[in-house]
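Written below as structure tokens is the structure these notes are about.
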Amino acid sequence: MATRVDVTPAAADLMRQLRDQHGPLMFHQSGGCCDGSSPMCYLEGEFRTGKSDVLLEALKIDGVPEPITFWMSASQFELWKHTHLTVDVVRGRGSGFSLEAPEGVRFLIRSRLLTEQELAELS
């Protein structure tokens, strides 16, 4: 089954750690403000989503009891709707708004175009 968002093992490890420390999590893909186009990790519900946002995926991470939602603004989704995102983590400080900032690492997105088959499955 095709997905719009996946995570690397390192990102999943960090998500489990942050979930243990803080509680349920969510992501919103930044559109260029603050930390470029980095995925921003928040406590679930801390970033208010609405009609101007699209839920790309409800990530199921082993060891995390609830799905971690991954959102993007609708206007940005229009530009990225043919793109598959992979959440990864690298050393270095990212934005102070994202929960991982004090850990000395930051989430980042690796992207590729969705295949025709993936697009058909997602429709």
Is there a side-chain contact between T49 and M26 (heavy atoms, below 4.5 Å)? yes
Shortest non-hydrogen contact between G63 and P65, atoms and distance: O-CD, 3.9 Å
Looking at every non-hydrogen atom in both residues, tell me the closest pair between P39 and S98 and how far apart they are. O-OG, 4.0 Å
Walk me through it: do C41 and F107 pass the test side chain to side chain contact (heavy atoms under 4.5 Å, CB included)? CA-CA 8 Å; C41 183; F107 287 110; 3.9 Å; yes
Could you please spell out the steps behind the side chain to side chain contact (heavy atoms under 4.5 Å, CB included) verdict for W71 and L56? CA-CA 6 Å; W71 297 85; L56 295 183; over 6 Å; no
Would you mind reporting whether M40 and F47 have side-chain heavy atoms less than 4.5 Å apart? no
Are more than 12 heavy atoms from other residues, nucleotides or ligands located less than 6.0 Å from atom CZ of R112? yes
Could you check whether E118 pairs with R4 (Lys NZ or Arg NE/NH1/NH2 to Asp/Glu carboxylate O, under 4.0 Å)? no
CA sep, side-chain torsions, deciding dist, call: D53, S73, side-chain hydrogen bond (donor to acceptor under 3.5 Å, both in side chains): CA-CA 4 Å; D53 296 292; S73 72; 5.6 Å; no
Give the C-alpha distance, both sets of side-chain angles, the deciding distance and a yes or no for side chain to side chain contact (heavy atoms under 4.5 Å, CB included) between L14 and V105. CA-CA 9 Å; L14 182 56; V105 295; 3.7 Å; yes
Between L25 and L18 the two heavy atoms that sit nearest each other are CD1-CB, 3.9 Å
Identify the two heavy atoms, one from V90 and one from R110, that lie closest to each other, and give their separation to 0.1 Å. CG1-NH2, 4.0 Å
Determine whether H28 and F97 make a side-chain contact, defined as any pair of heavy atoms from C-beta on separated by less than 4.5 Å. no
Student check: side-chain heavy atoms of D6 and H84 closer than 4.5 Å: yes
Is there a side-chain contact between I68 and F27 (heavy atoms, below 4.5 Å)? yes
Side-chain contact test, heavy atoms from C-beta onward, threshold under 4.5 Å: evaluate it for R19 versus P24 and give yes or no. yes
Counting C-beta onward and ignoring hydrogens, is there a side-chain heavy-atom pair between F70 and V7 closer than 4.5 Å? no
Kindly determine whether E103 and Q21 satisfy side chain to side chain contact (heavy atoms under 4.5 Å, CB included), including the steps that lead there. CA-CA 12 Å; E103 306 300 322; Q21 290 174 352; 3.6 Å; yes
Taking atom types as modelled, find out whether E100 and Q17 have a side-chain donor-acceptor pair closer than 3.5 angstrom. no
Non-hydrogen side-chain atoms of L114 and L122 separated by less than 4.5 Å: yes
